[in-house]
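Let me begin by presenting the structure, written as structure tokens, before commenting on it.
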Amino acid sequence: IKSVADYGDHLNDLSKSTGATVEQLSFLDFAAKKSGSSLDGLTSGIARMQKNLVEVAQGGGKQAAAAFNALGLSAATLTRTDLVGQLSAVADGLAKIQNPTQRAATAQVLLGKSYRDLLPLLSEGSAGVKELATRFVELGGVVTKAQAEKFDALNDSIVDLQTSAGGLARVMTESLAPSLTGFFDGVIKAPQGIGDALAKISAKFSVWLSEIEITLAKADIATGEGLK
């Protein structure tokens with residue numbers, strides 16, 4: 001349960017920071033795992049692409065505009081397309097560039113430094129992207145915004161509980177500390193006390209043996225004198 005809550009909480013936080021929907025992010029996470037990439041890498045690349053789309057559609061971003069033109073794509077059209085449609089269009093556009101160096105350079109302009117994380121997915125072309133999206137839905141992998149918000153609330157409650165439990169533990173430890181300290185000190189000093197007691201017993205035992213030896217010696221002398 002905790003791992004599911006953590007996952008939904010992470011998607012919800014990521015949605016707030018990137019502007020991507022929770023549903024889109026859950027698909028990107030699936031795509032990342034399938035392609036051996038990371039969700040953060042894919043999210044960063046998608047955010048850069050969508051930023052470029054908006055800038056170009058508004059008449060800015062000359063370098064990005066040139067890159068979209070090289071792919072034969074219209075930024076204005078793509079801004080009205082969902083994420084899967086955008087990725088599919090970019091994937092097919094990149095596939096048309098025969099020169100690998102030029103293809104990588106164009107991808108970097110559109111997707112930023114994270115373009116390498118997206119290339120394994122985009123290399124499948126639009127058919128591969130759409131097939132992956134369809135499979136994702138069939139598997140029931142979509143995490144909705146409503147679910148993510150509930151997971152977020154659950155995680156907040158868990159943190160509150162842990163904080164409350166920590167406070168209770170500190171109060172209990174504080175009240176028990178003097179008694180426990182005295183007990184532990186006693187345990188530490190116990191071996192020394194036992195050693196001192198054994199030393200006293202050993203000394204008394206030695207004295208007792210000496211007295212016995214003296215008594216026996218006197219008895220031997222008396223016996224010897226009696227036999228004369």
**Study point:** Expected output: side-chain Ser164 to main-chain Asp160 donor-acceptor under 3.5 Å
**Key:** no
Practice item. Flag yes if Val109 and Ile97 sit in one hydrophobic cluster, no otherwise; membership is Ile, Leu, Val, Met, Phe, Trp, Tyr, and two members link when side-chain heavy atoms are under 4.5 Å apart. Key: no
Practice item. Test side chain to side chain contact (heavy atoms under 4.5 Å, CB included) on Lys96 and Arg103 and set out the steps. Key: CA-CA 9 Å; Lys96 295 176 182 177; Arg103 186 188 310 126; over 6 Å; no
Practice item. To the nearest 0.5 Å, tell me how far Glu124 CD sits from Asp92 CG. Key: 12.0 Å
Point to revise | Short side-chain to backbone donor-acceptor contact, Ser37 and Asp117, under 3.5 Å | key: yes
Review point. Quick one: does Asp29's side chain have a donor or acceptor within less than 3.5 Å of a partner on Leu25's backbone?
Key: no
Study note, to complete from the structure: Rounded to the nearest 0.5 angstrom, the OG-CZ distance for Ser175 and Arg170 is 13.5 Å
**Study point:** Student check: side-chain heavy atoms of Gln50 and Gln86 closer than 4.5 Å
**Key:** yes
**Study point:** Straight-line distance of Met49 CE to Leu78 CG, nearest 0.5 Å
**Key:** 7.5 Å
**Study point:** Main-chain N/O of Gly112 paired to Asn52 side chain as donor or acceptor, under 3.5 Å
**Key:** no
Revision key, fill the gap. Rounded to the nearest 0.5 Å, the CD atom of Glu55 sits from the NZ atom of Lys62 at a distance of 13.0 Å
Point to revise | Straight-line distance of Phe151 CZ to Ile158 CD1, nearest 0.5 Å | key: 11.5 Å
**Study point:** Working for side chain to side chain contact (heavy atoms under 4.5 Å, CB included), residues Ile46 and Leu87
**Key:** CA-CA 9 Å; Ile46 294 297; Leu87 291 174; 3.3 Å; yes
Review point. Okay, side chain of Ser44, backbone of Asp40: is any donor-acceptor separation there less than 3.5 Å?
Key: no
Check your understanding: Roughly how far apart are Asp152 CG and Asp9 CG, rounded to 0.5 Å?
Key -> 4.0 Å
Point to revise | Where Ala95 and Gln98 come nearest, the two heavy atoms and their spacing | key: O-NE2, 4.0 Å
Review point. So does Glu174 have more than 12 non-hydrogen atoms from other groups sitting under 6.0 Å from CD?
Key: no
Review point. Ala31 and Leu121: which non-hydrogen atoms are nearest, and at how many Å?
Key: CB-CD2, 4.0 Å
Check your understanding: Taking atom types as modelled, is there a side-chain donor on Ser88 or Ser126 under 3.5 Å from an acceptor on the other?
Key -> no
**Study point:** Trace of the side chain to side chain contact (heavy atoms under 4.5 Å, CB included) decision for Tyr115 with Leu110
**Key:** CA-CA 8 Å; Tyr115 78 96; Leu110 295 178; over 6 Å; no
Review point. Are Leu154 and Val143 connected, step by step, through hydrophobic side chains (Ile, Leu, Val, Met, Phe, Trp, Tyr) whose heavy atoms are closer than 4.5 Å?
Key: no
Point to revise | Closest heavy-atom pair and its distance - Asn12, Ala148 | key: CB-CB, 3.9 Å
Point to revise | Of Val142, Leu11, Leu83, the residue whose pairing with Glu23 passes side chain to side chain contact (heavy atoms under 4.5 Å, CB included) | key: Val142
Review point. For the residue pair Asn99 and Thr101, what are the closest heavy atoms and their distance?
Key: OD1-N, 2.8 Å
Exercise for review: For side chain to side chain contact (heavy atoms under 4.5 Å, CB included), just list the numbers for Gln147 and Val22, CA-CA rounded to whole Å, side-chain angles, deciding distance to a tenth of an Å, and then say yes or no.
Suggested key: CA-CA 9 Å; Gln147 289 175 327; Val22 171; over 6 Å; no
Review point. Quick one: is the NZ or CZ of Lys33 closer than 6.0 Å to the six-membered ring centre of Tyr7, and within 45° of its axis?
Key: yes
Check your understanding: Side chain of Thr77, backbone of Leu73: donor and acceptor closer than 3.5 Å?
Key -> no
**Study point:** Ion pair Glu149/Lys145, N-O distance below 4.0 Å
**Key:** yes
**Study point:** Steps toward salt bridge (charged side-chain N to carboxylate O under 4.0 Å, His left out) verdict (Asp6, Lys2)
**Key:** CA-CA 6 Å; Asp6 286 341; Lys2 185 63 169 65; 2.7 Å; yes
Practice item. Check whether Val54 and Val56 end up in the same hydrophobic cluster, where Ile, Leu, Val, Met, Phe, Trp and Tyr are linked by side-chain heavy atoms less than 4.5 Å apart. Key: no
Practice item. Measure from the side-chain N and O atoms of Ser38 to the backbone N and O of Gly41, and report whether any donor-acceptor pair falls under 3.5 Å. Key: yes
**Study point:** hydrophobic_cluster_shared for Val137 and Leu42, side chain cutoff 4.5 Å
**Key:** yes
Review point. Are Val84 and Leu139 linked, directly or through other ILVMFWY residues, by side chains that come within less than 4.5 angstrom of each other?
Key: yes
